[in-house]
Q: 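Let me begin by handing over the structure; questions about it come next.
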Amino acid sequence: MKIYKTNEIKNIALLGSKGSGKTTLAESMIYECGVIKRRGTIDAKNTVSDYFPVEKEYGYSVFSTVFNAEFNNKKLNIIDCPGADDFVGNAYTALGVCDMGLILIDAEYGVEVGTQNIFRTTAALKKPVIFGINQMDAEKADYDNVLEQMREAFGPRVVQIQYPLESGPNFRSMIDVLLMKKYEWGPEGGVPTISEIPAEEMEKAKELNQILVEAAAENDETLMDKFFEQGTLTEDEMREGIRKGLVDRSIYPVVVLSAAKDMGVRRLMEFLGNVCPFVSEMPAPCTTTGLEVKPEADGPLSVFFFKTSVEPHIGEVSYFKVMSGTLKAGTDLENATRGGKERLAQIFTVCGNLRNPIDELQAGDIGASVKLKDVRTGNTLNEKGIDWQFDFIKYPAPKFVRAIKPVNESDAEKLSAILTRMHEEDPTWVIEQSKELKQLLVKGQGEFHLRTLKWRIENNEKLPIFFEEMRIPYRETITKAARADYRHKKQSGGSGQFGEVHLIIEPYTEGMPEPDGYKFGNQEFKLKIRDKQEIPLEWGGKLLVYDCTVGGSIDARFIPAIVKGLMDRMEQGPLTGSYARDVRVMIYDGKMHPVDSNEISFRLAGRNAFSEAFRQANPKILEPVYDVEVYTPGDTMGDVMSDLQGRRAIIMGMESENGIEKLNAKVPLKEMSSYSTALSSLTGGRSSFTMKFASYELVPGDVQEKLLKEYAESHTEE
């Protein structure tokens, strides 16, 4: 393969909703470039993109696939991303290292929620966008309706480059208003016949060409002046204007195609090669310290690893982008993220499961290496003397959580190692060993996301596993002051154990006055503070402990032991064993024994006195509540809202966003356990949602009673 220069390279993320035809388009693109002699199909399970066993099993993409297309002396690096919302992390990765997005829209279904989500991501990352309306030959394809939806969703920046003469099964031809030519195919597609625009279409074509010329001229003052003088632009000038409009997202060009029949694919590749911005024309990325790094072939060598996969018969394949400099095979680099040196003995260009060795790759190019010693996804490798690090890929928060266990307990360590490796392949599989819940948690984007992980572990690794519900991280607190005392006394020959603690507890709120006195029944307690400890809790909230003892009732050396006893109960609350929070404790009296008192005695006395007082202080259980945003078509809004209300949700508001309904709600985490599955079932897979922790709130009385009963049945008091 030719060594391409930075100003000959374009990096494009291929995006779109599930079923929009991305894998089929990728197959047609590399066929057009001569990489393959025959196009595979998803049904035949022989495409270059979907080559992992799990993808062949399910029939659609699970991982992003890197491939390149050499076309008209330009190199197009394209990353084909899965369309299912469960695998959206791949789109975040691809857009992180690519310079623009090609978003496919299904000509039958139009702008879907998934399309909106992807577009929203490109906007957040400020990436240029081209839209391809695919499957124009489908039974219910409706170009005019889809275009109307696009303008409603994405605004007036949507500009036609092409339009079909007919949608549906009779799609055979289109008018290209940039070239002002007619493209026509035979029934099975392939090489088009290019001819002049028919007279009956000329008026429409000229009108759309004028709109395109104006849109292109708006992005360059020189072009605008020329447009005002001459009323038109040359083809090359239009391309230049469109390219500049793409960079600042002031234009979203629209092309039409049928990838399955290879109609419009070659013309799309010409457009990508001639019009899309090169790597060198896009804003330069910044390091974690804010240093701008331009993609210059003669600059310091820096390589960012954005993807790792374990591939059949090869092992670990590490994908990278050359951020600066020129990478040659056999180069030694230093890992700025993990430390240590790494030799890239071989480097490859990649086309799905096809890898071709190459001598060098210049800044902006994408490649791969195999069997590296100690490189992980997200690592930056530099030449000696350079300490750059890149961290520009931000992944969405998980939406679906399950506890995971091996069928055989003896395989726990093996499972942990497998999960760590799989997180490298897909960082949106988040693994957490929860000390609080005493569970190994795996978090993902949806049920199918985790089901895919399970399939791979059981089929590729031959390790049987099972999922179970995640325990909810409840919190316990109190709502009024209470008093209790406890004597711990134990005699069993020789030295015994003795410790007695009297304490008062009350709810803590930020800024409340220091304690000075309390009244319980007819008894008053006046307090004098000797010492104060404020303990921020890892799980949120605080514990405040006041030493208010007088007359040496408890020696100061035993106070730390009492605090440990209090923390024992804060870490395992008296009601349900959940973490407790926001309590302050006043230790005001107690007793010691000259021989039998020791630290363990006062730790146990403090712990049990706290438990008794806690139960008298009108204790409450708090549950985590999340802010949830649901995006759904208007015709499903009523069903979605009813379902949420059945999940104890508080609806905070509704609004329309680019033709899609957006619903905001606060929902207890307990009720979100299988929400992704329920929402997909309810709306036919046309909706999506995000969730973010909001606060801890009191659980309703009936829920608290149920939790207390469940805990009592499964635990006995110490």
Side-chain angles (χ1 to χ4, degrees), residues 12-30 39-43 47-50 55 58-65 67 78-92 94-95 98 100-122 127 129-143 145-150 153-154 158 162 164 167-168 171 189 252-265 268-269 272 448 631 633 658-660 680 683-688:
I12 302 161
L14 181 53
L15 310 162
S17 293
K18 176 185 169 185
S20 57
K22 299 177 298 303
T23 298
T24 303
L25 175 59
E27 197 77 4
S28 292
M29 292 174 90
I30 57 177
R39 291 183 298 148
T41 66
I42 292 171
D43 289 341
T47 58
V48 171
S49 283
D50 292 354
E55 293 175 312
Y58 286 123
Y60 54 86
S61 302
V62 168
F63 302 102
S64 61
T65 303
F67 66 98
I78 301 173
I79 303 182
D80 174 20
C81 301
D85 194 45
D86 283 40
F87 305 103
V88 69
N90 292 276
Y92 282 74
L95 285 169
C98 290
M100 63 160 294
L102 169 59
I103 301 178
L104 290 195
I105 297 177
D106 190 320
E108 285 192 303
Y109 296 102
V111 177
E112 301 175 82
V113 171
T115 317
Q116 293 270 33
N117 293 341
I118 291 164
F119 182 80
R120 202 177 292 114
T121 303
T122 65
K127 299 288 183 176
V129 165
I130 291 174
F131 288 106
I133 303 179
N134 190 26
Q135 298 165 170
M136 285 298 307
D137 58 331
E139 187 69 34
K140 297 179 181 178
D142 187 339
Y143 175 80
N145 181 49
V146 173
L147 192 66
E148 184 180 338
Q149 290 180 29
M150 291 174 68
F154 311 123
V158 171
Q162 301 153 356
S167 301
F171 172 70
Y252 309 134
V254 181
V255 300
V256 298
L257 61 153
S258 168
K261 290 188 176 178
D262 195 11
M263 295 179 178
V265 176
L268 168 64
M269 294 179 69
L272 294 173
F448 185 57
Y631 298 88
N658 298 329
I660 297 293
S680 178
T683 65
R686 294 187 296 154
S687 300
S688 71

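Fair warning: this is a prediction, and the values are worked out from it, not measured in the lab. The residues of the chain are indexed from 1 along the displayed sequence.
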Q: Please report the closest heavy-atom contact between Lys22 and Asp80, naming both atoms and the distance.
A: CB-OD1, 3.3 Å
Q: Write down the atom of Ser28, the atom of Asp262, and the distance for their closest heavy-atom approach.
A: CB-OD1, 4.2 Å
Q: Measure the spacing between CZ of Phe171 and CG of Leu257 and express it to the nearest 0.5 Å.
A: 7.5 Å
Q: Using every non-hydrogen atom in the two residues, find where Tyr92 and Thr121 come nearest and quote the distance to one decimal.
A: OH-OG1, 3.8 Å
Q: List the steps, then state whether side chain to side chain contact (heavy atoms under 4.5 Å, CB included) holds for Phe131 with Met150.
A: CA-CA 9 Å; Phe131 288 106; Met150 291 174 68; 3.4 Å; yes
Q: Testing the basics here: between Ala94 and Cys81, what is the closest heavy-atom pair and its distance to 0.1 Å?
A: CB-SG, 3.4 Å
Q: Taking the side chain as every heavy atom from C-beta outward, state whether Leu15 and Leu95 have any pair of such atoms under 4.5 Å apart.
A: yes
Q: Anything under 30° is parallel, anything over 60° is perpendicular, the rest tilted; go ahead and classify Phe119 against Phe154.
A: tilted
Q: Please tell me if the side chains of Ile105 and Gln149 come closer than 4.5 Å, counting only heavy atoms from C-beta onward.
A: no
Q: Answer whether the closest heavy-atom distance between the side chains of Met269 and Met29 falls below 4.5 Å.
A: yes
Q: Knowing that exactly one of Val146, Asn145, Leu147 qualifies, which makes a side-chain contact (heavy atoms from CB on, under 4.5 Å) with Tyr143?
A: Leu147
Q: For residues Leu25 and Leu268, determine if any side-chain heavy atom of one lies less than 4.5 Å from a side-chain heavy atom of the other.
A: yes
Q: If you take all heavy atoms of Ser167 and Ala141, which pair is closest and at what distance?
A: CB-O, 3.5 Å
Q: Whether the Asp137 and Ser258 side chains hold a donor-acceptor pair (N or O, under 3.5 Å, no angle test) is what I'd like checked.
A: yes
Q: Does any part of the side chain of Ile78, heavy atoms only, come nearer than 4.5 Å to the side chain of Ile30, both counted from C-beta?
A: no
Q: Could you tell me which non-hydrogen atom of Lys127 sits nearest to which non-hydrogen atom of Met100, and how far apart they are?
A: CB-CA, 4.5 Å
